[in-house]
**Student:** 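Input: one structure, supplied below.
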Amino acid sequence: MYRKVDAKEPAKAREQRVLSFWREHDVFRESERMREGSPEFVFYEGPPTANGRPHPGHVLTRVMKDVYPRYRTMKGFHVTRKAGWDTHGLPVEIEVEKKFGISGKKQIQEFGIERFVQECKNSVFTYEQTWRELSERLGYWVDLDNPYMTLTDDYIESVWHLLKTIYEKGLLYKGHRVSPYCPHCETTLSSHEVAQGYKDVKDLSVTAKFRLLDPSEVARVFAQGQLPDDTPTYILAWTTTPWTLPSNVALAVNPEFTYVLIHDAAAKENYVVAEGRKEHYLTEERRVVTACTGAELAGLRYQPVFPYVTVDGKKHVVVTSSHVTDESGTGVVHMAPAFGEDDYRVCQENGVVFVNFVDLSGHFTDTVSDFAGRFVKDEQVNVDIVKHLAARGLVYDKGKHEHAYPHCWRCDTPLLYYAIDSWFIRMTAIKAEVIENSRGVHWIPEHIRDGRMGNFLENLVDWNLSRSRYWGTPLPIWVCDRCGRTECIGSKAELKERAGRLPQELHKPYIDDVRWTCACGGRMERVPEVIDVWFDSGSMPFAQWHYPFENQEQFHRLYPADYVCEAIDQTRGWFYSLLAISSLVKGMAPYKNVLVLGHVVDEDGKKMSKSKGNVIDPFEAFDLHGADALRFYFLVNTQPWNSQRFYHRAVAEAKAKFIDLLQNVHAFYALYAGIDGFCPAEHHVPVAERPLMDRWILARLHDTIRRADEALAAFDATTAARQIQGLVNDLSTWYVRRNRERFWAGGMEADKAAAFLTLYEVLATVAKLIAPLTPFIAEELYQNVVRSWDETAPVSVHLCDFPVAEADLVDERLLDEMDWVLWAVESARHLRNESKLKTRQPLSTLYLPQNLEDVLGKFTDILAEELNVKEVAFVQLEEIARPELFLNLKEVGRAYGKEVPAINQAAKQAAPQVMAAFAAEGKVELAGRVITRDMAEIRYHAAFPGLIDVSGRGFVGLNTQLTPELIEEGFVREIISKMQMMRKEVDYEVTAKVVFAAYGDEEVLAILRRHQERIARTVLIRDVHFGSMEGDLTKEWDINGKPLTLTVKG
RNA sequence: GGGCCUAUAGCUCAGCCGGCUAGAGCGCACGACUGAUAAUCGUGAGGUCAGAGGUUCAAGUCCUCUUAGGCCCA
């Protein structure tokens, strides 16, 4: 009935067996089914993208995502675990571009948008099988057969519904965003992409002259004294992008800076620059006339350097901005709002007009009549622009400027900073609410709340929703080409009502063909953008159920989440997008508990990345150590929000210290329970009637259940894992080791039954206790220990309830007392070690403090056996030891010099009360000198033949005097030990009786004869033959220095 | 440049509300045990608690600054 356990079986084989068992009995689904109707523990799965291979970090995430749902299921909750896939976005497009060797929008258009989009769709699930396998091998239970996928029409429709809700609240608006932009690929680049493409280049730079208008105003600001009011005054501004000058609409100065007015006597004109830059603009001909602050310059109007900006509104004025520095140029920055993020912002803040004279391919529009159609980053264009200015006397200076400028990582084209039409969600309007919602969330670790997330929300900006790409959820906004009327569509039904038809799918390019006629007679056409993929994933609480079009009940039952978990980089990613959308639509946080994980790093604490080549393949780790070992390592190693080092040696260690240890105890139990055909149902020994050791390990067990339960309830699996590891370690290294003999006693006396029952109860409970943490070994243990005889028990450990700590079994006092026992054992072993007398040599007496008799008295059997002594005596220290006041001569010498000999003499003769006084007060007077604690200590010497050890907790003494009887017994133990080793080496069944033959030293043989019966009983010997014999194994031994040759035969 | 986290033995980590001589595992050396046996146990060596200053009767722990590393963002 018990399967014999091969503790050396590779973990992979064991786990494969468990996996097929789970499949066969549909255990995962059953675990959900059996809790239907129970309170819901709501878990949201953050969707990964399946077009890349999983990384060790994904293993950690999945472990932490799995543990708590499993735990809660066992605690009686229903946990819906719907998988999800994040399918849209630029990374997918780039994979397809790579596959077909194309790059950039033009080539995509040549490739065909329909074909491109279909290829994206095909590529999305490239690694789905690998991800499935990862989940399965890891024992990550999630419903991969009914996942939500962001690319389905249902999902998109739900997202549209959310967008329309936001639109109707007036929070969705169109603006511009200045982004790094490649005019060749006609796409914006992410900061990551930009960072890849910096190159040092020499660009033409120019310091242009902007003539101030309104001489009277200028005269008022600068009290320019004797200079005629009509002296032309120019503000100087330096730029490395002359092509932006035709779009100039303002000049920015720092309001805090001082600006000086420099008069050039030769040219009879004035220049304005920041004071911090003035030395670069002074010559013999020039002098500083006067100065004013940047703030005072604000509002001055100037003559535009090009005539193209004709739009009505505020333009060509001096504005202020604190971002202006005086580290280069003139301390004045020319503003072209379409071509710089700061420019755009400053112009917006100051109500200055917006113009853009460069088309999407980077060429001047017709408005710039002198340069129309020319590419702005072309060097000659910039030269021509400068010449054009120079011809009109508007160039102060020109030169070449070398700087790092970003280039497209794909096509090497210099990037433009370029204002793109963008749709925004006005997050700033609900900022206070978002912050409040976040503050109500239980962030784990807590510092995320006010730290990373809190700071991020304090600096909240509007959400730039649109992406001018192809593969994504289309922004459902239609605009009339005549009257500009806009409409946001919130469902397929609405779309059909407007357009009279639906596209074949809600993706580009199909959706772009859906048009209708506006009330004004114009044509309603969709804006070209798709949306940020973060909006997709943040919509999942709604869209995973196709809410509100279907599954209203599911949605309401499963919102908000009790638990989500991702790595820390999701703070501004998924955690934020979920929070933002929920706050916008529902006015509340979408989750209650958020576990934020650290990153998985390599052995040296470096990030694992493909480029460094230090990524450990998760599958290799599964094969090598097994999923349980991986899971346990991640759980026990450190709290999961710290970064975790991951390397094979560390996982192997976790396996050895927990999985293997437990499997060893399991093997031990299976072996002897098998031999005796032990069936727990057939025996009953009340716990109160079991030996102390049994009561102790049960107390230890139930104490651990309580602690582990508390920890898991608080999302602290690390503490739970550590508690359980401690239990398993005590079980193996103390309980089983100390009680082995009870399991191989003959028959089935009450004591033996108690031992079996106790070990059974512990193992059966541990199986359930570890089920959420290490589900494979838990199942293995449960099947063999419980299900092998109890067919009424649930089919799988994962269908069981979590163990309940029984308070009356947690005997705190007993736990405390066993701590003292272990202290005594350790101290005594230390003495054994010092005495050089091996444990097989019995000794007469172990001395322990009398005041511990109450605590240790009932454990004398255990102590005597463990330490192999005949007697445990509880005594006063003074009875067995003599104290000595031992001086630290170096310290005493430092204080009292040549008086040391006299003081030392006094110390050696110190009366007991002197020593008692020193012990109590830490100082005493010797030979007229004060001896303090740092100068002396009290040492104890054994007053009996043996050793003594005195520590803060108490003392332990070991009598090492040997008698002939003790020596003879030592020989017996030695002979038994050698015989057992031989049995093991031949590998007889543990119950097989054997024959031994012996010859050698007469004294040893005499001892063997005298104790033959006892030896035979212990070693299971049928017959001892004195002399030589043919057998299975013959060995020559050294028995305490005397030769003995043994032969064994089955 | 801003923010967050981390720093304790050769390595990986504990260390509660500030409180006895700062612990564990691994590794190393030595020893032991043995019907779990490529398992197990003990002992030993190994510490500037990153550095400096402060608060306190008392600081690894609280405060300030510095240094180094990691992460997020500009």
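As the structure is a computational prediction, the values presented were derived from the model and not from experiment. A note on names: the letters A, B, ... follow the listed sequences, proteins ahead of strands, and every chain is numbered from 1. Note that these values count all heavy atoms, side chains included, but never hydrogens, waters or copies made by symmetry.
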**Student:** Would you give me the side-chain donor-acceptor pairs under 3.5 Å for residues 659-671 of chain A, sequence neighbours excluded?
**Tutor:**
unit_1, atom_1, unit_2, atom_2, d
A/Asp660, OD1, A/Lys655, NZ, 3.2
A/Gln663, OE1, A/His666, ND1, 3.1
A/His666, NE2, A/Asn784, ND2, 3.0

**Student:** Could you walk me through whether A/Phe678 and A/Tyr2 pass the ring pair (Phe, Tyr, Trp, His ring centres under 6.0 Å) check?
**Tutor:** CA-CA 9 Å; A/Phe678 175 77; A/Tyr2 294 101; 7.7 Å; no

**Student:** Taking CD from A/Glu989 and P from B/rA36, how many angstroms apart are they, rounded to a whole number?
**Tutor:**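 To the nearest whole Å, that distance equals 14 Å.
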
**Student:** May I have the distance from A/Met453 (atom CE) to B/rC73 (atom P), rounded to whole angstrom?
**Tutor:**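 Taking CE of A/Met453 and P of B/rC73, I get 12 Å after rounding.
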
**Student:** Would you indicate what A/Thr733 reaches in the nucleic acid, counting non-hydrogen atoms under 4.0 angstrom: base, sugar-phosphate, or nothing?
**Tutor:**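 It contacts sugar-phosphate atoms only.
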
**Student:** How far does the P atom of B/rG18 sit from the matching atom of B/rC30, given to the nearest Å?
**Tutor:**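 These two P atoms come out 45 Å apart once rounded.
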
**Student:** In this structure, how many angstroms lie between the P atom of B/rA38 and the CG atom of A/Asp6, rounded?
**Tutor:**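 The answer, rounded to whole Å, is 11 Å.
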
**Student:** Restricting to side-chain hydrogen bond (donor to acceptor under 3.5 Å, both in side chains), what partner residues turn up for A/Glu749, sequence neighbours left out?
**Tutor:**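 For A/Glu749 there are no side-chain hydrogen bond (donor to acceptor under 3.5 Å, both in side chains) partners, ignoring immediate neighbours.
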
**Student:** Which whole-number value in Å describes the distance from A/His666 NE2 to B/rA39 C1'?
**Tutor:**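 Spelled out: NE2 on A/His666 to C1' on B/rA39 is 16 Å.
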
**Student:** Which nucleotide in the set B/rC41, B/rU12, B/rA39 lies at the smallest distance from any side-chain heavy atom of A/Arg645?
**Tutor:**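 So the nucleotide nearest the side chain must be B/rU12.
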
**Student:** Of the options B/rU40, B/rA36, B/rC13, whose atoms approach the side-chain atoms of A/Ser732 most closely?
**Tutor:**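 Taking heavy atoms from C-beta onward, the closest nucleotide is B/rA36.
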
**Student:** What is the separation between atom CD on A/Gln723 and atom C1' on B/rC16, rounded to the nearest whole Å?
**Tutor:**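 Roughly 13 Å, once rounded to whole Å.
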
**Student:** Suppose you measure atom C1' in B/rA22 against the same atom in B/rC16; what distance do you get, rounded to whole Å?
**Tutor:**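 Straight-line distance between the two C1' atoms is 15 Å.
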
**Student:** Side chain of A/Arg722, heavy atoms from C-beta onward: which of B/rA36, B/rG35, B/rA14 has the nearest atom to it?
**Tutor:**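 Side chain of A/Arg722 sits closest to B/rA14.
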
**Student:** Mind checking if A/Arg973 touches a base, just sugar-phosphate, or nothing, with heavy atoms under 4.0 Å?
**Tutor:**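 Sugar-phosphate contact only.
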
**Student:** C1' atom, B/rC49 versus B/rA24: distance in rounded Å?
**Tutor:**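 Comparing C1' positions in B/rC49 and B/rA24 gives a spacing of 16 Å.
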
**Student:** Out of B/rC13, B/rU40, B/rC72, which nucleotide sits closest to the side chain of A/Thr638?
**Tutor:**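 Among B/rC13, B/rU40, B/rC72, the one nearest the side chain of A/Thr638 is B/rC13.
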
**Student:** Please enumerate all residues that pass side-chain contact (heavy atoms from CB on, under 4.5 Å) together with A/Lys1035, with sequence neighbours excluded.
**Tutor:**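 side-chain contact (heavy atoms from CB on, under 4.5 Å) check on A/Lys1035 returns A/Met982, A/Glu985, A/Leu1033, A/Trp1037.
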
**Student:** Can you list the stems that RNA chain B is part of, where a stem is at least 3 pairs in a row, each Watson-Crick or G-U, with both distances below 3.5 Å?
**Tutor:**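 If one scans RNA chain B for consecutive Watson-Crick or G-U pairs, the stems found are B:1-7 with B:67-73, B:10-13 with B:23-26, B:28-32 with B:40-44, B:50-54 with B:62-66.
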
**Student:** Go through the structure and list residues passing side-chain contact (heavy atoms from CB on, under 4.5 Å) with A/Asp1038, not counting sequence neighbours.
**Tutor:**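 Listed in chain order: nothing, the list is empty.
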
**Student:** Taking atom C1' in both B/rC13 and B/rG47, what distance in whole Å separates the two?
**Tutor:**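 Between the two C1' atoms, the distance is 15 Å.
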
**Student:** Measure the distance from CG on A/Leu863 to P on B/rC41 and round it to the nearest whole Å.
**Tutor:**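 Rounded to the whole Å, the gap is 19 Å.
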
**Student:** Distance between the P atoms of B/rA74 and B/rC11, in whole angstroms?
**Tutor:**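 Their P atoms lie roughly 36 Å apart.
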
**Student:** Quantified in whole Å, what is the C1' atom distance between nucleotide B/rC5 and nucleotide B/rG10?
**Tutor:**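 So the two C1' atoms sit 25 Å from each other.
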
**Student:** Give each protein N/O atom lying under 3.5 Å from an N/O atom of nucleotides 24-29 of chain B, with the pair distance.
**Tutor:**
unit_1, atom_1, unit_2, atom_2, d
B/rG25, O3', A/Lys657, NZ, 3.4
B/rG25, O2', A/Glu653, OE2, 3.4
B/rC26, OP1, A/Lys657, NZ, 3.1
B/rC26, O4', A/Glu653, OE2, 3.4

**Student:** Taking the minimum atom-to-atom distance to the side chain of A/Gln639, which one of B/rG35, B/rA14, B/rA36 wins?
**Tutor:**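 That would be B/rA14.
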
**Student:** Classify A/Leu1020 by what it touches in the nucleic acid, base, sugar-phosphate, or nothing, heavy-atom distance under 4.0 Å.
**Tutor:**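 Touches a base.
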
**Student:** Using the ring-ring contact (aromatic ring centres under 6.0 Å, His included) criterion, which residues pair with A/Phe456? Sequence neighbours excluded.
**Tutor:**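 Checked A/Phe456 against ring-ring contact (aromatic ring centres under 6.0 Å, His included); matches are A/Tyr576.
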
**Student:** Can you name the nearest heavy-atom pair linking A/Ala721 to A/Leu773, along with the distance?
**Tutor:**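 So the minimum-distance heavy-atom pair works out to CA-CD1, 4.1 Å.
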
**Student:** Distances under 3.5 Å only, N/O to N/O: pair up the protein atoms with those of nucleotides 1-4 of chain B.
**Tutor:**
unit_1, atom_1, unit_2, atom_2, d
B/rG3, O3', A/Asn455, ND2, 3.4
B/rG3, O2', A/Asn455, ND2, 2.4
B/rG3, N2, A/Arg452, NH2, 2.9
B/rC4, O2, A/Arg452, NH2, 3.4

**Student:** Could you state the atom-to-atom distance from CD of A/Gln644 to C1' of B/rC5 in whole Å?
**Tutor:**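 Rounded to the whole Å, the gap is 14 Å.
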
**Student:** Over 60° means perpendicular and under 30° means parallel, so tell me whether A/Tyr672 and A/Trp744 are parallel, tilted or perpendicular.
**Tutor:**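 Correct class here is tilted.
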
**Student:** Could you check whether A/Val825 gets within reach of a base, just the sugar-phosphate, or nothing at all, counting any heavy atom under 4.0 Å?
**Tutor:**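 A/Val825: no heavy atom of the nucleic acid under 4.0 Å.
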
**Student:** Determine the contact category for A/Tyr647: base if any of its heavy atoms lies under 4.0 Å from a base atom, sugar-phosphate if only primed atoms, P, OP1 or OP2 are that close, otherwise nothing.
**Tutor:**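 Since only primed, P, OP1 and OP2 atoms lie under 4.0 Å of A/Tyr647, the category is sugar-phosphate.
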
**Student:** List the steps, then state whether ring pair (Phe, Tyr, Trp, His ring centres under 6.0 Å) holds for A/Phe339 with A/Tyr417.
**Tutor:** CA-CA 5 Å; A/Phe339 310 118; A/Tyr417 284 86; over 10 Å; no

**Student:** Using a 4.0 Å heavy-atom cut-off across all strands, classify A/Arg983 as base, sugar-phosphate, or nothing.
**Tutor:**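 Nothing, no heavy atom under 4.0 Å.
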
**Student:** State which of B/rC33, B/rC71, B/rC13 makes the closest approach to the side chain of A/Arg840.
**Tutor:**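 The listed nucleotide nearest to A/Arg840's side chain is B/rC33.
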
**Student:** For A/Asp819, give me all partners under side-chain contact (heavy atoms from CB on, under 4.5 Å), at least two apart in sequence or on another chain.
**Tutor:**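 With neighbours one apart ignored, the set is A/Arg953.
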
**Student:** Is A/Phe743 touching bases, backbone alone, or none of the nucleic acid, heavy atoms closer than 4.0 Å?
**Tutor:**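 It contacts nothing in the nucleic acid.
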
**Student:** Do A/Phe632 and A/Lys657 come close enough that some side-chain heavy atom pair is under 4.5 Å?
**Tutor:**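 Of all side-chain heavy-atom pairs linking A/Lys657 with A/Phe632, none is under 4.5 Å.
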
**Student:** Under the rule for side-chain contact (heavy atoms from CB on, under 4.5 Å), what residues qualify as partners of A/Asn464, not counting sequence neighbours?
**Tutor:**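 Here the qualifying residues are A/Arg177, A/Ser422, A/Phe424, A/Ser466, A/Arg467.
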
**Student:** Side-chain donor-acceptor pairs under 3.5 Å in residues 969-977 of chain A, sequence neighbours left out?
**Tutor:**
unit_1, atom_1, unit_2, atom_2, d
A/Glu969, OE1, A/Lys870, NZ, 2.7
A/Glu969, OE2, A/Lys870, NZ, 3.0
A/Arg973, NH1, A/Asn868, OD1, 3.4
A/Glu974, OE1, A/Arg840, NE, 2.8
A/Glu974, OE1, A/Arg840, NH2, 3.4
A/Glu974, OE2, A/Arg840, NH2, 3.2
A/Glu974, OE2, A/Lys978, NZ, 3.1
A/Ser977, OG, A/Arg840, NH1, 3.4

**Student:** Under the ring-ring contact (aromatic ring centres under 6.0 Å, His included) test, which residues partner A/Tyr344, sequence neighbours left out?
**Tutor:**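 A/Tyr344 satisfies ring-ring contact (aromatic ring centres under 6.0 Å, His included) with A/His176, A/Phe354 only.
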
**Student:** Say we look at B/rA58 and B/rC17: how far apart would their C1' atoms be, to the nearest angstrom?
**Tutor:**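 It comes out at 15 Å once rounded to the nearest Å.
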
**Student:** Tell me the interatomic distance from A/Phe575, atom CZ, to B/rC72, atom C1', rounded to whole angstroms.
**Tutor:**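 That distance rounds to 13 Å.
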
**Student:** Taking only the P atom of each, what is the distance from B/rU21 to B/rG2 in whole angstrom?
**Tutor:**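 Result for the P pair: 42 Å, nearest Å.
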
